[in-house]
Amino acid sequence: MKLGTILFGLATLAGTAAAQSLVVAAEHVYTAAGDAIEGGFVAIADGKIVGVGPGVGSGSVTGDERLEVHSITPGLIDLSPRIDTGAYSVEQTDETPIDLSVGDALDLFSYRWGRELRSGVTSVLASPADLAVIGGLSCVLKTGGAPLLEARLLNKFGALRASMGSSPSSGNRPARGGRPINFYTRRPTTRMGVEWQFRQTFYDALAAKKNGTRLEGIAAKRQGVLDRVLAGDLPVLCQAWPTQDIRTACYLKEEFGIEKMILDGAAEAWREPELLVRSGCGVVLPPYVAGRTEEGAFYALDTAAKLHELGVPLALSGHGGRDHLDRLMHQPGWAMRGGLPFDAALRAVTITPARMVGVDSRVGSLEVGKDADLVLWSGPPFEPSSHVIGVVLNGELVVDPRGN
């Protein structure tokens with residue numbers, strides 16, 4: 001490992017031990033909360049934004065450090081970073097471990113957190129791997145800071161993770177001669193089986209609630225999570241790549257009256273966007289790849305633009321891509337090439353994902369009182385010639401554009 005990577009990791013782990021006052025001036029300040037500010041500033045103190053406006057912000061913070069860049073945006077937010085511990089992040093002996101949280105299985109020392117932070121992603125929704133029909137609870141946390149989950153959490157219960165398609169049934173097989181070999185000898189083994197398992201889980205929850213069934217232990221915890229989903233307090237983040245899985249997820253949302261459902265990886269959402277409008281689903285689009293993506297889904301370049309025109313809540317994701325061009329900072333640019341307006345592209349990586357998972361009171365836009373999470377750009381954000389040159393997390397300049 002390079003010395004620079006080690007030092008960056010140590011600085012990240014140090015978190016906000018030393019409060020920093022800072023004023024960042026820029027030719028363009030994109031707040032994601034209104035019109036852009038030409039020739040503006042963002043003032044920071046004690047980890048929070050204390051001033052945003054035109055001018056250079058003189059006297060905004062006493063004894064502040066100052067720097068100038070071309071452009072400022074809020075810290076980027078990724079609802080599908082795919083930062084998990086694989087099979088260790090989900091209970092595979094059960095297709096619906098609803099009561100378990102991925103927060104108990106995250107590796108906060110993974111190099112992937114630093115990779116996301118250096119590319120401008122300051123907050124993510126971490127989810128279990130899609131190896132179960134309903135894999136458990138996702139949580140929203142910062143990509144840097146102290147190596148303690150509680151210190152980095154924004155929302156302990158950001159969403160309930162579910163999955164359609166072949167992933168949940170992968171590796172499962174029916175019992176031969178009625179004799180199971182291991183815990184993979186079980187259903188579901190098909191897409192139909194995955195849908196059946198989802199429906200059975202929610203029908204059981206509705207029946208228990210209707211009949212006043214007294215539950216205890218794990219059963220009571222799981223019922224409590226599903227009650228929150230049915231009451232609209234907790235969104236379901238459901239993986240669904242091709243049209244058939246998108247349809248299934250939308251129909252399940254309507255069947256059970258699930259108020260909040262977000263479709264992750266919905267590459268073929270462009271085929272039937274009216275269904276998404278009718279059902280009220282939000283969408284997290286994957287990194288743009290020309291041609292086929294996972295599950296054989298075809299991803300059209302103008303997908304984001306079509307969804308935006310119809311008013312579908314839209315977020316973009318880097319899906320934890322290793323390739324530099326797969327990172328979240330590049331996805332708005334691809335979407336803009338497909339016709340998505342700049343303001344909508346900015347919202348799709350800032351305030352919209354923040355609202356989807358209930359953390360918009362703290363992150364997602366540059367407003368006084370919110371966490372000081374900023375991305376500093378060398379030029380117009382999302383343009384091919386522009387780069388992320390600085391990152392501020394909780395008021396700390398964790399990536400310094402001056403190269404210090």
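Excluded from the calculations below are hydrogen atoms, water molecules and symmetry mates; all remaining heavy atoms, backbone and side chain alike, are included. Along the sequence shown, the residues carry numbers beginning at 1.
Leu160 places none of its side-chain heavy atoms less than 4.5 Å from the side chain of Leu237. Counting heavy atoms from C-beta outward, Phe157 and Leu234 have side chains that approach closer than 4.5 Å. Within the 4.5 Å cutoff, the side chain of Leu125 has no heavy atoms near those of the Val359 side chain. With a 4.5 Å cut-off on side-chain heavy atoms, Pro235 and Ile262 count as touching. Leu328 places a side-chain heavy atom less than 4.5 Å from the side chain of Leu316. Using a 4.5 Å cut-off on side-chain heavy atoms (C-beta onward), Met164 and Cys238 make contact. In this structure, Glu27 and Glu38 have side chains that are not in contact, with every pair of non-hydrogen atoms separated by 4.5 Å or more.
Salt-bridge check for Asp373 with Lys142: passed, with a basic side-chain N closer than 4.0 Å to an acidic carboxylate O. Checked for salt-bridge contact, Lys253 and Glu259 miss the test: no charged N lies under 4.0 Å from a carboxylate O. The residues Arg327 and Asp78 are annotated as not salt-bridged, no charged nitrogen and carboxylate oxygen being separated by less than 4.0 angstrom. A salt bridge between Arg402 and Glu65 is present, with a side-chain N of the basic residue lying under 4.0 Å from a carboxylate O of the acidic one. In summary, Asp84 and Arg161 do not engage in a salt bridge, as defined by a charged side-chain N under 4.0 Å from a carboxylate O. Ionic pairing of Glu268 and Arg247 is not present here: no N-O contact between side-chain nitrogen and carboxylate oxygen is shorter than 4.0 angstrom.
Using bins of under 30°, 30° to 60° and over 60° for the plane-to-plane angle, the ring pair Phe202/Phe256 lands in the tilted bin.
Taken to the nearest 0.5 Å, the CG atom of Leu67 stands 6.5 Å off from the CG atom of Leu376. Rounded to the nearest 0.5 angstrom, Ser89 OG and Asp107 CG are separated by 11.5 Å. The distance from the CD atom of Gln239 to the CG atom of Asp264 is 6.5 Å, given to the nearest 0.5 Å. Once rounded to the nearest 0.5 Å, the distance linking NZ of Lys306 with CG of Leu340 reads 13.5 Å.
Judged by the 6.0 Å and 45° rule, Arg152 forms a cation-pi pair with Trp113.
Within 6.0 Å of CD in Glu255 there are more than 12 heavy atoms belonging to other residues, nucleotides or ligands. The number of heavy-atom neighbours closer than 6.0 Å to OH of Tyr88, taken from other residues, nucleotides and ligands shown, is 12 or below.
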Chi angles and distances behind the side-chain contact (heavy atoms from CB on, under 4.5 Å) call for Thr122, Val363: CA-CA 9 Å; Thr122 55; Val363 296; over 6 Å; no

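A donor-acceptor pair is defined here as one N or O able to donate and one able to accept, closer than 3.5 Å; such a pair exists between the side chain of Gln331 and the backbone of Leu325.
Ring pair Phe382/Trp377: centre-to-centre distance below 6.0 Å. His319 has its ring centre less than 6.0 Å from the ring centre of Trp241.
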